[in-house]
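Worksheet: one structure, shown below.
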Amino acid sequence: MKIATYNVNGINARLPVLLDWLEQESPDVVCLQELKAPDEKIPKHEIARSGYNAIWHGQKRWNGVAILAKEQLEIKEVGRGLEGEPEDEQSRYLEAIINDIVIGCLYLPNGNPAPGPKFDYKLRWFDRLAKKAKQLLDQDVPVILTGDYNVMPTEKDVYKPERWVDDALFRPETRKAFHDLSAQGWTDAIRKLYPDETIYTFWDYFRNAFGRNAGLRIDHFLLSPHLVPKLKNAGVDKHVRGWEKSSDHAPVWIELEKE
DNA sequence: ATGACCCTTTATAAGGGA
């Protein structure tokens with residue numbers, strides 16, 4: 001079973017790239033972030049025509065997350081949004097059960113400029129996610145928490161770490177929040193398989209960042225303990241970042257052994 | 001230090017992204 005995550009940076013602007021990638025790589029489950037579209041503008045017919053069921057939590061202009069699964073797989077939605085801040089209207093979390101696995105699709109706030117109210121919101125959102133994550137671990141079921149975490153967990157995950165120390169994606173508070181979340185008992189799938197390799201999932205549109213491989217690793221898969229022995233492979237579809245009209249992120253994927 | 005680029009909008013300049 002192949003599960004992918006992809007920050008599309010506008011699902012309508014990205015539709016041709018998304019459909020081409022789905023056809024080429026044929027992932028079983030896909031978590032999308034940054035739809036940048038309200039529910040009524042999600043291209044649901046095009047997605048269905050490509051052979052995928054989908055649920056989505058859209059929002060006008062910004063944010064927005066969706067979960068796709070091949071049409072023979074049932075998607076049972078079990079949650080949208082995180083508890084703890086009822087006034088929060090940003091669409092950043094969607095949760096479903098597919099093939100008896102809980103899939104949490106998340107788009108963590110960017111948090112810049114830091115310090116400031118946006119950074120405070122990021123850290124609060126991290127805290128709310130950590131509470132959700134702990135609840136899921138306590139249920140003792142297979143869980144995947146995947147998406148755009150907007151965190152480079154270590155210096156290995158940044159092309160020039162010294163330039164990013166004051167950035168919301170790399171500040172000590174942010175890295176500590178990711179570390180503390182992981183320490184609940186989650187496994188970073190990419191680092192489990194490739195502990196020392198330089199692996200990026202995002203390259204800025206500016207300054208020929210992709211051509212220079214000046215990237216960041218900010219899209220992650222966290223696996224609950226049940227799933228770690230089933231992890232067979234993982235990777236980044238880096239070539240998609242080089243396609244015409246691509247997102248600034250590339251798709252990231254894992255393969256789990258079948259039951 | 002700044003801005004480069006891309007996406008969105010009851011758009012046509014500005015906010016957000018990372």
Side-chain angles (χ1 to χ4, degrees), chain A residues 5-19 21 31-43 46 56-66 88-93 105-126 129 146-175 177-178 198-220 236 238 240-252:
Chain A
T5 189
Y6 187 19
N7 179 322
V8 290
N9 187 11
I11 191 164
N12 287 301
R14 210 62 58 223
L15 194 58
V17 165
L18 174 64
L19 297 181
W21 169 71
C31 294
L32 300 177
Q33 301 86 37
E34 271 209 275
L35 305 181
K36 289 186 167 178
D39 288 348
E40 62 272 20
K41 289 193 177 172
I42 308 292
E46 290 84 346
W56 49 82
H57 187 199
Q59 182 184 334
K60 193 161 86 174
R61 227 185 290 210
W62 295 307
N63 311 315
V65 287
D88 184 0
E89 294 187 338
Q90 300 190 25
S91 300
R92 294 180 176 277
Y93 186 80
C105 172
L106 64 104
Y107 176 43
L108 213 132
N110 174 305
N112 278 306
K118 290 190 173 184
F119 189 58
D120 296 341
Y121 173 65
K122 178 176 196 162
L123 295 180
R124 290 201 310 279
W125 206 93
F126 233 130
L129 177 65
T146 187
D148 179 357
Y149 281 76
N150 266 318
V151 182
M152 296 85 89
T154 74
E155 297 198 344
K156 283 198 292 273
D157 304 310
V158 200
Y159 68 102
K160 278 207 189 294
E162 66 277 11
R163 287 194 190 171
W164 289 83
V165 286
D166 292 325
D167 191 277
L169 279 69
F170 198 55
R171 289 176 70 92
E173 304 95 311
T174 309
R175 276 183 275 173
F178 186 85
T198 296
I199 298 173
Y200 300 137
T201 66
F202 166 92
W203 297 261
D204 217 307
Y205 286 122
F206 312 148
R207 297 166 299 213
N208 188 33
F210 185 61
R212 296 183 294 119
N213 198 28
L216 311 172
R217 190 175 75 94
I218 56 178
D219 301 275
H220 307 298
V236 180
K238 185 177 174 181
V240 177
R241 177 63 180 80
W243 288 358
E244 193 84 11
K245 294 269 292 175
S246 84
S247 170
D248 37 10
H249 296 250
V252 186

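Order of the sequence lines sets the chain letters (A, B, ...), proteins ahead of strands, with each chain counted from 1.
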For [X] and [N], what is the distance between atoms [atom1] and [atom2] respectively, to the nearest whole Å?
X	N	atom1	atom2	value
A:R163	B:dT2	CZ	C1'	13 Å
A:N63	B:dG15	CG	P	17 Å
A:D157	B:dA18	CG	P	16 Å
A:Y121	B:dA18	OH	C1'	16 Å
A:D166	B:dA18	CG	P	19 Å
A:K118	B:dA18	NZ	P	11 Å
A:Q59	B:dG15	CD	P	18 Å

Using a 4.0 Å heavy-atom cut-off across all strands, classify [X] as base, sugar-phosphate, or nothing.
X	value
A:D148	sugar-phosphate
A:D248	nothing
A:N208	nothing
A:K122	nothing

May I ask you to evaluate whether A:H249 reaches the phosphate of B:dG17, defined as a side-chain N or O under 4.0 Å from OP1 or OP2? no
Are A:Y107 and B:dA18 close enough that a side-chain N or O sits under 4.0 Å from OP1 or OP2? yes
Do the side chain of A:N110 and the base of B:dA18 come within less than 3.5 angstrom through a donor-acceptor pair of N or O atoms? yes
Could you work out, with salt bridge (Lys or Arg N to Asp or Glu O under 4.0 Å) as the rule, every residue matching A:R124, not counting sequence neighbours? A:E85
Ring geometry between A:F178 and A:H220 (parallel below 30°, tilted from 30 to 60°, perpendicular above 60°): tilted
Pick the [atom1] atom in [N] and in [M], then give their distance to the nearest Å.
N	M	atom1	value
B:dT12	B:dG16	P	16 Å
B:dG3	B:dA14	P	14 Å
B:dA11	B:dC7	C1'	12 Å
B:dG15	B:dA1	P	23 Å

Any donor-acceptor pair under 3.5 Å linking the side chain of A:N63 with the backbone of A:R92? no
Would you give a per-nucleotide map of nucleotides 4-14 of chain B, 5' to 3', where B means the base has a protein non-hydrogen atom under 4.0 Å away, S means only the sugar-phosphate does, and - means neither? BBSBSSS----
Check: [Y] and [X] side chains under 4.5 Å, non-hydrogen atoms:
X	Y	answer
A:Y149	A:L106	yes
A:N9	A:Y205	yes
A:T174	A:K122	yes

Sole candidate of A:N7, A:T146, A:T201, A:T5 that passes side-chain hydrogen bond (donor to acceptor under 3.5 Å, both in side chains) when paired with A:D219: A:T201
side-chain contact (heavy atoms from CB on, under 4.5 Å), that's the test. Do A:W125 and A:N150 meet it? Break it down for me. CA-CA 12 Å; A:W125 206 93; A:N150 266 318; over 6 Å; no
